[in-house]
There are 2 protein chains.
Amino acid sequence: MVFSTGSILHTRTCHDADFDLTLIKRKANCDKAAREHESLMRHEDRDQIKKLSLFRDMPEAAIDRLLAGCYLQRFPAHVVLISEGEPADFLHIVIEGGVELFSTWRDRETTMSIARPVSTFILAAVIKDAPYLMSARTLQPSSILMIPSGNIRAMMAEDRVFGAAMVNELSASFREVVKSQKNVKLRSGVERLANYLLQLSETHDRCAEIELPIEKKTLASLLGMSPENLSRAFASLKAYGVVVNGGSVTLTQPGDLERLAKPNNLIDDPQS
Amino acid sequence: MVFSTGSILHTRTCHDADFDLTLIKRKANCDKAAREHESLMRHEDRDQIKKLSLFRDMPEAAIDRLLAGCYLQRFPAHVVLISEGEPADFLHIVIEGGVELFSTWRDRETTMSIARPVSTFILAAVIKDAPYLMSARTLQPSSILMIPSGNIRAMMAEDRVFGAAMVNELSASFREVVKSQKNVKLRSGVERLANYLLQLSETHDRCAEIELPIEKKTLASLLGMSPENLSRAFASLKAYGVVVNGGSVTLTQPGDLERLAKPNNLIDDPQS
DNA sequence: TTTCTTTTTTGATCAAAATCAAAAGCTTCG
DNA sequence: CGAAGCTTTTGATTTTGATCAAAAAAGAAA
């Protein structure tokens, strides 16, 4: 017998959302035919969107065509936006808030990554016209821009600049996942946490109090461990000057922590 | 203290190659200026390469430009082709043989994936003009096509069809890594092995004797476990009809194995 | 063939991390 | 406020899987 207990590290119990996206999608599909070239969003939102790096270099007219039939929608927290296995109807872009990408298998669940403004997610599925490999849910109240997959594919065929932007976006996502996998396969839980904290503190001054941007439960899953284990990982980092106070963390001895964490650009640097 | 022993699962001791690539690269860079539009390969090879899906839809002339300054080179087994952290000088394509992509951190090493003919590797690094995130070494004597990164980037700017092919390739790679990460984060070692074996047997008739395409040591690292543990994983799959004989494996009760493995298209199917 | 080296297997032990259980903190909401 | 429902923490226990050691098996080289 291989397994007595069914379960393994860093998993979470699945739970469904209480918010129904079906209506929105149906609406999108109906409306699309009727008013192909009219975008369903306010003008100030449009202007903001045009500034995104994905669209920045495109001619105005092309952007308008791309945004035809789009939705910019506000969602409450904890809404499931997409479920893995579904066909990729829309490219999603987080405009505001935050989105958790997660996967499930049997009774287990794991966080794959967190999408923050402004970034696309599940672009690869849209381009390949393949089922989503991950599910997505909002972490907080969030604005999501949804562009019909057809628009994306049409634009790719048409506009070289847009194609180049896609290639860049895809390359970046690819490298991000590779780094994340290196992290999981090469490091222990404590090491992953140490590096995560150092990475977080990067943007602020070292030694300053930093706020965890996600719940510990989610962080545990993101780092590939159980919540209990994360709690203990924090405890064992106390010896390296990590002071936890609810959701805020202070690194009192960043040098020591760094000596333990041994951060590496080819794993931890979001740029490289 | 967090760690008494320095090490963790699925790692391998690093070892260097005895084969020097520096010469080849230097040669490539010198030659390039001199004979920009002449490709350094035999005509029969050229013809074979033009049939690759990446290049199939490109005009003949464009292919010739792309292949200018390329090398099609035979390498013995266990040669390190690229090392992580190096700048991405060449796009590599496995024409024959097999290449292991691996990563290291501290004294640990892990196999990230295996590239088989005909496929590119480290395309994202080439496009982003960023350092390689993984190292690569031949598993067997192999033919590798090396295209200068500049050619790729130039062609992308120029040819829309090529751009589209790149996007497809990148999307596919991205989805592959995502699946691989789901595999690692959601499954135990035994489950990963079970699914690997089922996947292998997919191409052949079930129940037929199949040959492991890589050494067990490498397989262990690919699946994210120690060699010892792989050995034991095989042993515990005996109860599910897995008969191992050196490098060949027979699944005598594929039904039972499948009930254990619970394969899932969104993890195991290379197509989806 | 014999020898040397590397891979694989097996056994014993240890460490990391999951699970189970329960208490302690937080939020939310009537 | 207080009850209900989370999340987080802490403790005890178990499991998975790594490590160490050494034997067996398989290749490679002399």
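The chains referred to below are lettered A, B, ... by the order of the sequence lines, with proteins before strands, and numbering in each begins at 1.
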Measuring from A/Leu223:CG to A/Thr110:OG1, what's the distance to the nearest 0.5 Å? 9.5 Å

Shorter than 3.5 Å, N or O on both sides, protein versus nucleotides 8-10 of chain C: list them out with atom names.
| from | atom 1 | to | atom 2 | distance (Å) |
| --- | --- | --- | --- | --- |
| C/dT8 | OP1 | B/Lys216 | N | 3.0 |
| C/dT8 | OP2 | B/Lys217 | N | 2.8 |
| C/dT9 | OP1 | B/Lys216 | NZ | 2.8 |
| C/dT9 | OP2 | B/Ser231 | OG | 3.4 |
| C/dT9 | O5' | B/Ser231 | OG | 3.4 |

Rounded to whole Å, how long is the line connecting atom CZ of B/Arg108 with atom P of C/dA16? 10 Å

Without decimals, in angstroms, what is the distance between B/Arg187 CZ and D/dG17 C1'? 18 Å

Salt bridge (Lys or Arg N to Asp or Glu O under 4.0 Å) with B/Glu228: which residues, sequence neighbours excluded? none

Quick one: ring-ring contact (aromatic ring centres under 6.0 Å, His included) partners of A/Phe102, sequence neighbours excluded? none

Those residues at least two apart in sequence (or on a different chain) that pass salt bridge (Lys or Arg N to Asp or Glu O under 4.0 Å) with B/Glu176 are none

Salt bridge (charged side-chain N to carboxylate O under 4.0 Å, His left out) contacts touching residues 248-266 of chain A (sequence neighbours left out): A/Arg206-A/Glu258, A/Asp256-A/Arg259

Let me know the distance between NE2 of A/His78 and C1' of D/dG5, rounded to the nearest Å. 13 Å

Give every donor-acceptor pair under 3.5 Å between a side-chain atom in residues 243-255 of chain A and any protein atom, sequence neighbours left out.
| from | atom 1 | to | atom 2 | distance (Å) |
| --- | --- | --- | --- | --- |
| A/Ser248 | OG | A/Asn245 | O | 3.0 |
| A/Thr252 | OG1 | A/Gly241 | O | 2.9 |

For B/Gln140 and D/dA28, give me the distance from atom CD to atom P, rounded to whole Å. 13 Å

